[in-house]
Amino acid sequence: MTAAALNRRALLAASATLPFLRIPAVRAATPGLLTFGLSSYPPTLQPWANGGTASSTIKLMIHRGLTSFSRDGNPQPELAESWSRDDEKTWVFKLRDARFHNGEKVTAADVQWTFDQIADEKSTAYFRAEMQRIAKVEAPDARTVRLVTKQPLVTVPNWLANFHMPIVSRSSPKGSPIGAGPFVPKGQERGVSIDLERFDAYYKPGLPKLKAIRAIAYADENLRLAALRSGDVDLIEYVPWQAMDAIAGDPALKLDAVDGPFMYLVFNGSRPPFNDARVRRAVAHAIKREELVKAAFFGRGSPLEHLPISESSSFYNADFKNGWHYDPDLSKRLLAEAGHGGGLSCSLLSTAQYGMHKDSAEIVQQHLAAVGINATLNLPDWATRVNLGNRGQYEIGIMGNTAESNDPDGLAAVLDGSLAASYVRSFGLKIDSIIELMEAGRTSFDEAKRRTIYRNLEQVAIDQAPIVGLTWRSQGYAMRKDVAGFSNFPGALTFYSGETFETTTTA
Amino acid sequence: MLSFAARRLAVAALLVWAVASLVFLVIHLIPGDPAELLLAQGGVAPDPDSVAALREKLGLDQPLWVQYRDHLASLLHADFGLSMVDEHPIGAEIALRLPRTLELVGLAGLLATLIGLPLGILAALTIGRLPDRILSAAAGLALSVPVFVVGTLAVLVLAQQLHWVPAGGYVPLAKDPLRHFILVLMPAATIALGLAAAVLRVTRSAVLEVLERDHVRAAQARGLPPVTIVRRHVLRNALMPVVTVLALHLGSLLGGTVLVEFVFNYPGLSGYLVRAVEARDYPEVTAIVLVISALFVLLNLLIDLCYVLIDPRVRHG
Amino acid sequence: MQKLLMPGLLLTVIVAAALLAPVLPLPDPVRQDVGARLAGPSLAHWAGQDEYGRDVLARLVWGARVSLSVAFAASFLAAIAGMFLGVLGGYFRGLVELATVRAAEVVLCFPPLLLALLVVTLLGPGADTLIFCLAILFAPGFARVAYAETLATRNLDYVTAQTSLGTPTVRILMRTLLPNIAAPLIVQFSLTIAAALLLESGLSFLGLGVVPPAPSWGLMIRSARATMEQAPLLLVWPCLALSGTVLILNLLCDRLRDVLDPRGSRARPGFLRTLAALPSKRATSMPTASGLLSVRGLTLEAPGPHGPIPVVRGVEFDVAPGETVAIVGESGSGKTLTGLAIMGLLPPAISVVSGEIVLSSRSGQQLDILRLREREIRALRGGDIAMVFQDPSSSLNPLHRTGSPIAESLRAHGNPGHRVTELLRRVGLPDPSRAARAYPHELSGGQRQRVMIATAIANHPRLLVADEPTTALDVTVQAQILDLLSDLKRSDQGMGMIFVSHNLAVVSEIADRVVVMYAGQVVEQGPAAEVFAHPHHPYTAALIASTPEDDIDRLATIAGAVPQPWALPQGCSFAPRCGHATPGCESQAPELFRHGERRAARCLRWREFA
């Protein structure tokens, strides 16, 4: 260590004596330009396809949907200045006077065209399947859109607020969709950076406040952090958990972190032993979640011993708070009941590509071992992990995710066993009551009734453990002190924080 | 001589084809496919119909041999095709990134030679004495500290603490020459550290070997001063193994700067390749590997050319 | 072998620690204690605790087990596979070579990390995959080394002989080739282990390495990098372990190379430092020799396993201006070392124990070569004294045109460089200006030796040392070169020559006087004609007897061999091979008996032969 210390001192001394060596490393501050450190380069910017969180953030700069999420998590008017329901199946959206980047007005025809594109047979849109629920989209006049669903669908405004549902101009050239968002893409260097400029005709007066945004991808979290600290970038996403304390204590920086995404376990329910709910529950009670939060997320998160419904949600059930509490004796009893008193061996699928997945797997493995479940880690790259998950070639899997919205229906992707096999949910595990309750909750407009439905659903989930919650994890943005107007959205909506770029300013 | 060159070229082309075909096969064999992955970004469950639609659009529903045939056909037209992920032309992307990788690797090679060669000679001439011991130990140390540690430390100290340099990235030369140079220099120096150690070691042993040769003793017997002997009769003769080792290293660096690119956010070819493999972007992977192996073969031909320049015997033999 | 002790011992300690990890009193390397995560060193945890609160020391030791076994296993596999391919390809050549060595080189075309990425993705991560992957990556290196060495070895006489005797190919490969190529392969092996250790860390960093929670150094470095600001020590430990092990392996490898191939361990003298071979005497005690050169009591030693070994013992002779003195003896007699000592070009391993070599220089000074500074001797070399070496093909730098050494020699001694063609003409090259521009490999052996001679005489040396100048040449060319040398002597009056040779027929043609050496000593000297007519020493007699007129190259007919310098007989060195030896010869070492002015012999019974 002395050598390193000496070295360091020598370097510092050299830096003092050679001030002329201070080359203009720090970005010459261009007024109104914000540089944003992304965690990865968006693989695609197609408006309706899913391209991951970085892609969604950029899409929120370029595009706007009929609705959007407000800070409290509820849908609010966006391109539609208002909406109403004619009956249980018919929604009417009134468009406001907004313009696309090409200067044309946003009309009902554009909305209609957008829906057609998403529903197209060849479409790769994320919500293509959802479109099956839509009976027709009508445009009675240029400013009015009528949406008719096949069944009652309470989540339509939530759905339309999704970043995979932006409205795109019908006169867009093929391959370069034109949006109506606050920023216009000006150029990109693939794999490196994306440049965006203020859209002067954005419908919200006085917004956006920034002149331009430059989003640069920093895949290495250490480097992303160093770029923020050295002044290369103003704002970063995916703040590494180990650095959150240091950033919070740094007078030049500020941290905006919320518990939003969650980590959980999925099972292969198509074969023993995890087709037995008792074994899945045994797993649920075997995990000491405080340690997971501490070791995998440096204390930045909280234990998740129930379904991932946020405490702030009106659907939160306090009595299930510790539904899957840590109780190794109970675990052992459940295992014994299921005929695995002598312990069992299985595989635990995760990925070495992402630290949080790998770390969670290492800790879960230890906790499972303590109750007699001998899990062998399988840590392939992410692509292989996705593939193995989709094909059910695993027994327990570690996953991280966010709900699609703060509405409990947003958990359908994770819980609904009637959907196609996917690595995000347990494989081959259809629990009829959950499927039914999900459907019931989706089609009911009565708030109190829905609360009961989702309460029952959580009860079933706690007993059946179709997934097992592990932890909420903190999702953080860090920025220089002079960046204002940007804020992290709560809970499941953290990845919608990109909406606030329109109000962001930098000194 | 001409038929020899023709044969060399034919073998080289065959080699490149073999490598590209092997990679094509392997990348299709490994689990995961681009359609599934692209739509499953960020931990969401894609609609299986969307995946199927994308697969069809990308031609992934065709039998493997049809895909291979089409792939070869387009290659014959010097067309690398489009990325499966975002339909970006692959040829253009390679044309953009290859010069950066060549610049990085070239600069690293230059630095390594400038440092390793003279120090290697010094070590050989002082064999067993203090300078040799210090240099050999330092070379061993430089060889054994992983580049991602060195790189991260460099960023931590130079960028984060001292604010001397930007924290990685890339700026085109035309935009800001000084910043461009600094941004290339950082990763290049990190690579050069280990490479210089390798050059030092091979120079040392090559010089020692040449020092033992009769013509050096004959030169001494002519009363030449040591500087002249080293310059005229040791260095050039010792250069062959040094060139060979350096070229081999540089060759493997063409696609092997992954770690350094990652640590410094340098948008070169290796990172592109790794991302292509991670996204299972088949045409990208095969195209990049094709380019890299072709370059490697070309580099080997260049080494042979170097031999000819260095050694008249090769020229006439 | 002593040189191997240190690195060998250190490596043994590391390997032993790795092997004994299960029985060492260490905590469980995978047991987590999240409460004490990132804790610094304590009594219970000497190297601290990692991000899960696991004991770092235990993980280091267990990590050594994983990392080293991966590296060893991969290198071993690579060595076996590479050796197999290389030996087969090198021995059979042709199609087999294409299918083995060239095929292995396809791997070299892959970027190593891509290969690893593909292999690991295909087979799934884990220690086994890692070993397999590293083995593939390193096998071509072994194949190359084995191939090159096999090519070199298969042309050696004894291998060719075995082939012609009909020994089965497999046996030749196993018995003869393998032991011969073992040395470079062992060196390659230790290099590969070091490289494998490093690559393991790189692959682990990318998540392509060992699967957690099993500790490996690479994994430890990877996870410590994330917390390097909170707990820098976590990064230091595995890096130290890795660097230390690689350093030790490199050291072992260097030493191993020295032991297996001792040639590489020496360097020429006179580089970067000047050596005075012996402390200088007071000027007054300098003997004044009337002749050109006077060698007195020259005693040289070489290092041996049990202390220094005398290789040249009390050699004395004189050279007069214009005189040709031949030093004759079998190989190992010390004649070449004597010649090199006169040039001040002794190998660094040889030390001068005592003696004087006094040269009366052109400037009229009496200089003791053994006591001059390197810089002073350098002024003499190529000037007052010049040397012609045995093998002209290796003594010329293959990369320089043949005129270049001559020009160098001229310039080094302040003479204009334009005399090159003149000198080449002088040594009888037919087209001197073209020869000056030719490369050595374009000339014949005889022509090359003429170039060497031209280089040697460029500055009109007072003394020319010719060390077996004709041995490497064809018989007919030998005669031409001898003619050239006698010719030069005739035309350059006053140039003395020392002609070192084992070949009496050649010596009888050119020498004025003969000095016969045996086992590092002068056994007889005298005028050439007299010595050849009436040898006083049985060894000289045997030498002459064994040299038929027409076959110049047969000395081996004297029964027995020259005694090794570290096993000299107590009495006369030649006694064990001497047909005239008496019991007295075996107990008493004879002195050099002078006989008249000009003759001397080191034999108790010389009178009987005189």
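Here the structure is a predicted model, which means the values were calculated and not measured. Order of the sequence lines sets the chain letters (A, B, ...), proteins ahead of strands, with each chain counted from 1.
Only the side chain of C:Leu38 comes within contact range of chain A, with at least one heavy atom under 4.5 Å from a heavy atom of that chain. Of the two parts of C:Gln32, the backbone and the side chain both hold a non-hydrogen atom closer than 4.5 Å to a non-hydrogen atom of chain A. Only the backbone of A:Ala243 comes within less than 4.5 Å of a heavy atom of chain C; no side-chain atom from C-beta onward does. Heavy atoms of A:Ile363 lying under 4.5 Å from chain C belong to its backbone as well as its side chain. Heavy atoms of A:Glu362 lying under 4.5 Å from chain C belong to its backbone as well as its side chain. Contacts of A:Asp245 with chain C are absent, with no heavy-atom separation under 4.5 Å from either backbone or side chain. In this structure, the portions of C:Arg225 lying under 4.5 Å from any heavy atom of chain A include both its backbone and its side chain. For C:Val120, no part lies under 4.5 angstrom from a heavy atom of chain A. If you measure heavy-atom distances from A:Asp220 to chain C, the contacts under 4.5 Å come from the side chain alone. In this structure, chain C has heavy atoms under 4.5 Å from both the backbone and the side chain of A:Pro380.
Between atom CG of residue A:Asn222 and atom OG1 of residue C:Thr227 there is a gap of 9.5 Å, rounded to the nearest 0.5 Å. Here CG of C:Asp33 is found 11.5 Å from CD of A:Gln366. Values are rounded to the nearest 0.5 Å.
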key: Criterion side-chain contact (heavy atoms from CB on, under 4.5 Å) on C:Arg37 and A:Phe298, from CA distance to verdict   = CA-CA 10 Å; C:Arg37 60 196 303 271; A:Phe298 290 73; 3.6 Å; yes

request  = Please report the C-alpha distance between A:Lys294 and C:Glu51 in whole Å, then the side-chain angles of each, then the deciding distance to 0.1 Å, and finally whether the side-chain contact (heavy atoms from CB on, under 4.5 Å) criterion is met.
outcome  = CA-CA 9 Å; A:Lys294 237 189 220 165; C:Glu51 74 273 24; over 6 Å; no

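Contact detail for A:Glu221 and C:Ala226: the closest heavy-atom pair is OE2-CB, 4.4 Å.
Within a 6.0 Å radius of OH in A:Tyr238, more than 12 heavy atoms belonging to other residues, nucleotides or ligands are found.
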